[in-house]
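From a predicted model like this one, the values you see are computed outputs, not experimental measurements. Count residues from 1 along the sequence. Atoms within each ligand, like the ligands themselves, are counted from 1 in listed order. What you see below is based on every heavy atom in this structure, not just the backbone, and it leaves out hydrogens, waters and symmetry mates.
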Amino acid sequence: MPRFAANLSLMFNEVPFLDRFEAAARAGFDAVEFLFPYEHPPEAIGARLRANGLTQALFNLPPGDFAGGERGIAAFPERFDELKAGVDTALRYAEATGVGRLHLMAGLAPWDDPKAAESYRRAVTWTAERLAHAGLDLVLEPINGRNMPGYFLNDFGRAADLIRELALPNLKLQFDLYHCQILHGDVTMRLRALMPIIGHVQTASVPERHEPGTGEMNDFFLFDELDRLGYRGFVGCEYIPAADTVAGLGWLAAYKGSAR
Ligand SMILES: O=C(O)C(=O)CO
């Protein structure tokens, strides 16, 4: 059975961020992920992880002004120095949390803009090499345009091509089952084709981005498929609970009960 990580940016919003670690552990999770930790000191995050026996599965590198609408800066050549400083910041959090992989967001820019494309390649290469020295993977995630209009990396094939072309050993794909279904469909076949380069998986129901098992996909089949394909990483539960987070965890109990 895959190892599920609660996404603390979307789940357990009933309590303040730092209290979500305990809430996730009490609900039965042994791993967590979140978008950004940067409003809290690294030591505070590390302490919550340790106090609750949790593993940090993933978080994102600094994305620019997220509250102001930015969704990453890697595609902007004039932001390269800021990106490099952000990597240093993220590495302090990586050390405090023991995380094994970080996600680099691209930004809102057209894929066919040559300046954006060149900037993205340079940022990805530089960041992956920097993270390699710290023993970390870098993951890239295609994101659908309904949730993030104008996002640069909005195609799984393009992401896979870039990862294969750069051929950096610690550069991998973040495969969100939800984004894949919305962007392309045929999720199982894409999992099979891309498994050798997948470094992290996320899940949510389609179309509402709620609990797995509540939408158009057979999420349990996909979780079983991850096992069949030998995936040993985490599955981040990056979904918006339909109501109360804990009340909505019936899907996890049902899946655990059905899994061999
Ligand atoms: O928006 C998403 O799906 C993300 O995972 C951003 O990191």
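Of the listed options Glu33, His103, Met148, Met148 places a heavy atom closest to atom 1 (O) of ligand 1.
Taking the centre of each ring, Tyr120 and Phe152 come in below the 6.0 Å mark.
Remark: Arg122 fails to qualify as a cation-pi partner of Phe76 under the 6.0 Å distance and 45° angle criteria applied to the six-membered ring.
Under a 4.0 Å heavy-atom criterion, Arg71 is not in contact with ligand 1. Distances from ligand 1 to the non-hydrogen atoms of Arg209 include at least one value under 4.0 Å.
The ring pair (Phe, Tyr, Trp, His ring centres under 6.0 Å) contacts involving residues 48-70 comprise Phe34-Phe59, Phe36-Phe66, where partners must be two or more places apart or lie in separate chains. Within the structure, ring pair (Phe, Tyr, Trp, His ring centres under 6.0 Å) contacts touching residues 180-211 (residues at least two apart or in different chains) are Phe156-His184.
Here the protein heavy atom with the shortest distance to atom 7 (O) of ligand 1 is Asn60 ND2, 2.8 Å. At the shortest separation from atom 3 (O) of ligand 1 among protein heavy atoms lies His179 NE2, 2.6 Å. At the shortest separation from atom 2 (C) of ligand 1 among protein heavy atoms lies Glu238 OE2, 3.4 Å.
Of all atoms in ligand 1, listed by their number and element, those nearer than 4.0 Å to a heavy atom of Leu35 are 6 (C), 7 (O).
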Check: Between Tyr38 and Tyr93, does a ring-ring contact (aromatic ring centres under 6.0 Å, His included) hold up when you go through it step by step?
Finding: CA-CA 8 Å; Tyr38 307 109; Tyr93 285 83; 5.0 Å; yes

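Of the possible donor and acceptor atoms, none in the side chain of Glu211 sits under 3.5 Å from a partner among the backbone N and O of Tyr239.
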